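Before any comments, here is the structure.
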Amino acid sequence: MNMKQEINGKKRKPELLAPAGNFEGFLGCINAGCDAVYIGGNRYGARAYAENFSDEEIVKAIKYAHLFDIKVYLTVNTLIKQRELSDVVAYVKPFADAGLDAFIVQDIGLISLLKNAYPETEIHVSTQGFSTGINSVKYYKELGATRVVLARELTLNEIKAIKDSVDIELETFIHGAMCYSFSGQCLFSSSLGGRSGNRGRCAGPCRLEYASVIDSSESEAKYLLSMKDQCTVSILPELIDAGIDSLKIEGRMKKPEYTAFVTSVYRKYIDEYYLYGKSKYSVKPKDFTALKNMYMRSEIGTGYYNQINSAEMISIASPSYSGSDDSMMKYTREKFLSAPRKKSISGYFSASKADGIAFSVFDSNRCVTVSDTNVSQSINKPATAETVRKQLCKLGDTPFTFDELTIDMEDDLFLPVSTLNGVRRRAIEELLNEF
């Protein structure tokens, strides 16, 4: 979808895409206001050392996110060996069947295989795909990709040129750690220590000290290859106006508190830009300071958007993190991680001796109805609307909560608690399957 299209005179909002290294982090990002989450499974993802998701958690995450119209993307973005191709296609089948929104892929051969096997699931080309210009983006579109995650080394002008030339969604990174080398082209870790970044096992050699040698004279060892962390909240209007479709936060290796808080800040300022416009856009100093104090490196910058190959992009003195503000961590945990988000639904329960029980649960787009015939005349103590309501509202750890529940029943009915629990459980399960 072209970001330059307008709705009511305003450009469409870009997607805010958040990272989740585990299920807790996933829930935090959803509570913090993301539009989509990218996650990795136990195989074929470029963050092999993240906690990652079990197969069951991936399916659960997809179903849960779809309750709130939030998308889930799965990283399958390592280079794939020939002997692994058939296994990859089989591995992702349960996730495609569950309604996964997109695969994030680096390997060119895998793009066609997944496209043919799961045509309903979109293909996003990973930043590891090294898309640095118009021709590479066109090539990936011809292969069947619906979105390209651009290499991080592009300027805003280069991104605009691609957007004007190729009708495809573009995604870029806006916050988090930066690599020194070109996206997807780094063999440093592989050559130095046998751990390939293209197989998800980068050892981070660019964070080590190195000395420069000029005319046989060796300098003092410094962190010559360590990039500053990226933070673009101050230039969000420029990124939005450039037509970027998806704004991506880095951090599947980070704590859930970090990803949730960062997501909440970018959500706030994207929304404020659309409310007040560019002329009134201003980042509050306390928010900027809070971002810096949430486990970022001691020095930060905006990345390549407005500069290329600048010494100002390197954190020469130290690659270390500044640590985290304990009070901010506590605030984030209480606000975004203490309880899962619930989806409000409505219900209509009817019961009579002639027609039995009918229980409908619904939202604005979906409705399911279950029935039961276990209804009889009460001899001693008839069921009341309040006792029925109490049982039907016991939604426990389900992702739903009743916003409205109507009870329509005869006065002299006997309704077993087991029957009420059964219709509630079946109705909720069926509604969940509709997402």
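Note that the coordinates shown come from a computational prediction; the quantities given were computed from them, not determined experimentally. Position 1 is the first residue of the sequence, and the numbers go up from there.
- When atom types are taken as modelled, the side chain of Asp287 and the backbone of Val283 share no donor-acceptor pair closer than 3.5 angstrom.
- Classification of Lys13 and Asp35 as a salt-bridged pair fails, no side-chain N sitting under 4.0 Å from a carboxylate O.
- Using a cutoff of 4.0 Å between basic side-chain nitrogens and carboxylate oxygens, Lys93 and Asp97 are scored as salt-bridged.
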(request) Could you check Lys280 against Glu272 for side chain to side chain contact (heavy atoms under 4.5 Å, CB included), going step by step and ending with a plain yes or no? (result) CA-CA 9 Å; Lys280 296 183 179 179; Glu272 285 197 3; over 6 Å; no
(message) Assess the residue pair Ile270 and Leu236 against the criterion (side chain to side chain contact (heavy atoms under 4.5 Å, CB included)); give the C-alpha distance rounded to whole Å, side-chain angles, the decisive distance to 0.1 Å, and a yes or no.
(response) CA-CA 7 Å; Ile270 290 171; Leu236 266 180; 4.0 Å; yes
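- How far CD of Gln106 is from OG1 of Thr78: 7.5 Å, rounded to the nearest 0.5 Å.
- Formation of a donor-acceptor pair under 3.5 Å by the Ser136 side chain with backbone atoms of Gly133 is found in this model.
- Listed for the Thr369 side chain is no donor-acceptor partner under 3.5 Å among the backbone atoms of Phe359.
- Aromatic ring orientation, Phe336 versus Tyr331: perpendicular (interplanar angle above 60°, classes split at 30° and 60°).
- Geometric assessment of Lys254 against the ring of Tyr258 yields a positive cation-pi assignment under the 6.0 Å and 45° thresholds.
- Side chain of Lys342 to main chain of Thr398: a donor-acceptor pair is present (N/O by atom type, distance under 3.5 Å, no hydrogens or angles).
- Look at Lys160 and Asp241 and you find no salt bridge, because none of the NZ, NE, NH1 or NH2 atoms lies under 4.0 Å from a carboxylate O.
- Nearest approach of Lys63 to Asn433, heavy atoms of both residues: NZ-O, 4.2 Å.
- Using a cutoff of 4.0 Å between basic side-chain nitrogens and carboxylate oxygens, Glu24 and Lys255 are not scored as salt-bridged.
- Considering only heavy atoms from C-beta on, Met313 comes within 4.5 Å of Tyr304 through its side chain.
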(request) Go through the steps to decide whether Leu85 and Val88 satisfy the test side chain to side chain contact (heavy atoms under 4.5 Å, CB included), and finish with yes or no. (result) CA-CA 5 Å; Leu85 286 172; Val88 177; 5.8 Å; no
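- Between Glu209 and Ala221, the shortest heavy-atom distance links the atoms OE2-O, 3.6 Å.
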(message) Could you go through Glu299 and Ser315, starting from their C-alpha distance and side-chain angles, then the distance that decides it, and tell me whether this counts as side-chain hydrogen bond (donor to acceptor under 3.5 Å, both in side chains)?
(response) CA-CA 6 Å; Glu299 294 186 275; Ser315 182; 3.0 Å; yes
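- Nearest approach of Tyr73 to Ile104, heavy atoms of both residues: CB-CD1, 3.8 Å.
- Looking at Ser264, its side chain does come within 3.5 Å of a backbone N or O of Phe261 through a donor-acceptor pair.
- Remark: Ser54 OG to Asn22 CG distance equals 11.0 Å, nearest 0.5 Å.
- Taking NZ of Lys71 as the reference point, atom NE2 of His66 lies at 8.5 Å (rounded to 0.5 Å).
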(request) Test Ser327 against Asp325 for side-chain hydrogen bond (donor to acceptor under 3.5 Å, both in side chains), laying out the working first. (result) CA-CA 6 Å; Ser327 63; Asp325 184 309; 2.4 Å; yes
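- Between Tyr269 and Lys284, the closest side-chain pair of non-hydrogen atoms falls below 4.5 Å.
- Residues Ile39 and Thr75 have side chains not in contact (no heavy-atom distance under 4.5 Å, counting atoms from C-beta outward).
- In this structure, CD1 on Ile174 lies 7.5 Å from OG1 on Thr172, to the nearest 0.5 angstrom.
- Contact check for Leu114 versus Val92: side-chain heavy atoms found under the 4.5 Å cut-off.
- Leu405 and Arg389 get closest at one heavy-atom pair: O-NH1, 2.7 Å.
- Remark: Ser246 OG to His124 NE2 distance equals 8.0 Å, nearest 0.5 Å.
- Inter-residue side-chain proximity for Arg207 and Tyr223 is flagged as unmet; no heavy-atom pair is nearer than 4.5 Å.
- Shown here is Phe362, whose CZ atom has more than 12 heavy atoms of other residues, nucleotides or ligands within 6.0 Å.
- Atom OG of Ser181 and atom CE of Met227 lie 10.5 Å apart (nearest 0.5 Å).
- Formation of a donor-acceptor pair under 3.5 Å by the Arg195 side chain with backbone atoms of Gly204 is not found in this model.
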(message) Before you tell me yes or no, could you show the steps for Thr132 and Glu153 under side-chain hydrogen bond (donor to acceptor under 3.5 Å, both in side chains), namely the whole-Å CA-CA distance, both residues' side-chain angles and the distance that decides it to 0.1 Å?
(response) CA-CA 8 Å; Thr132 57; Glu153 297 77 37; over 6 Å; no
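- The shortest side-chain heavy-atom distance between Val37 and Cys34 falls under the 4.5 Å cut-off.
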(request) Walk me through it: do Leu432 and Leu67 pass the test side chain to side chain contact (heavy atoms under 4.5 Å, CB included)? (result) CA-CA 8 Å; Leu432 189 58; Leu67 295 174; 3.8 Å; yes
(request) Take Ser131 and Tyr139, measure what side-chain hydrogen bond (donor to acceptor under 3.5 Å, both in side chains) needs, and give me the verdict at the end. (result) CA-CA 10 Å; Ser131 297; Tyr139 174 71; over 6 Å; no
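- Counting non-hydrogen atoms of neighbouring residues, nucleotides and ligands closer than 6.0 angstrom, the NZ atom of Lys268 exceeds 12 such neighbours.
- Under a cut-off of 6.0 angstrom, the local environment of NZ in Lys138 is sparse, with at most 12 non-hydrogen atoms contributed by other residues, nucleotides or ligands.
- Without hydrogens or angle criteria, Tyr38 side chain to Ala20 main chain gives no donor-acceptor distance under 3.5 Å.
- Judged by distance alone, the side chain of Tyr305 and the main-chain N or O of Glu238 form no donor-acceptor pair under 3.5 Å.
- For Ser219 (side chain) and Ser212 (main-chain N/O), a donor-acceptor pair under 3.5 Å exists by modelled atom type.
- Between Glu434 and Arg366 there is no salt bridge, since none of the side-chain N atoms of the basic residue sits less than 4.0 Å from a carboxylate O of the acidic one.
- Using bins of under 30°, 30° to 60° and over 60° for the plane-to-plane angle, the ring pair Tyr118/Phe103 lands in the tilted bin.
- Contact detail for Arg424 and Lys394: the closest heavy-atom pair is NE-O, 3.3 Å.
- Atom CZ of Phe402 sits in a crowded spot, with more than 12 heavy atoms from other residues, nucleotides or ligands closer than 6.0 Å.
- With a 6.0 Å radius and a threshold of 12 heavy atoms from other residues, nucleotides or ligands, Lys115 has its NZ atom above the threshold.
- Judged purely by atom type and a 3.5 angstrom limit, Tyr274 uses its side chain to pair as donor or acceptor with the backbone of Arg12.
- Note: Phe435 and Phe400 have tilted aromatic rings, judged against thresholds of 30 and 60 degrees for the angle between ring planes.
- Proximity of Ile168 to Thr146: side-chain heavy atoms (C-beta onward) are nowhere separated by under 4.5 Å.
- Between Asp87 and Arg43, at least one side-chain nitrogen of the basic residue sits less than 4.0 Å from a carboxylate oxygen of the acidic one, meeting the salt-bridge criterion.
- Counted within 6.0 Å of OH on Tyr210, heavy atoms from surrounding residues, nucleotides or ligands total more than 12; the atom is thus considered enclosed.
- Minimum interatomic distance between Val72 and Ala61 (heavy atoms only, all atoms of both residues): CG2-O, 3.9 Å.
- Classification of the Phe26-Phe23 ring pair by plane angle, with boundaries at 30° and 60°, yields tilted.
- Classification of Asp363 and Lys343 as a salt-bridged pair holds, one side-chain N sitting under 4.0 Å from a carboxylate O.
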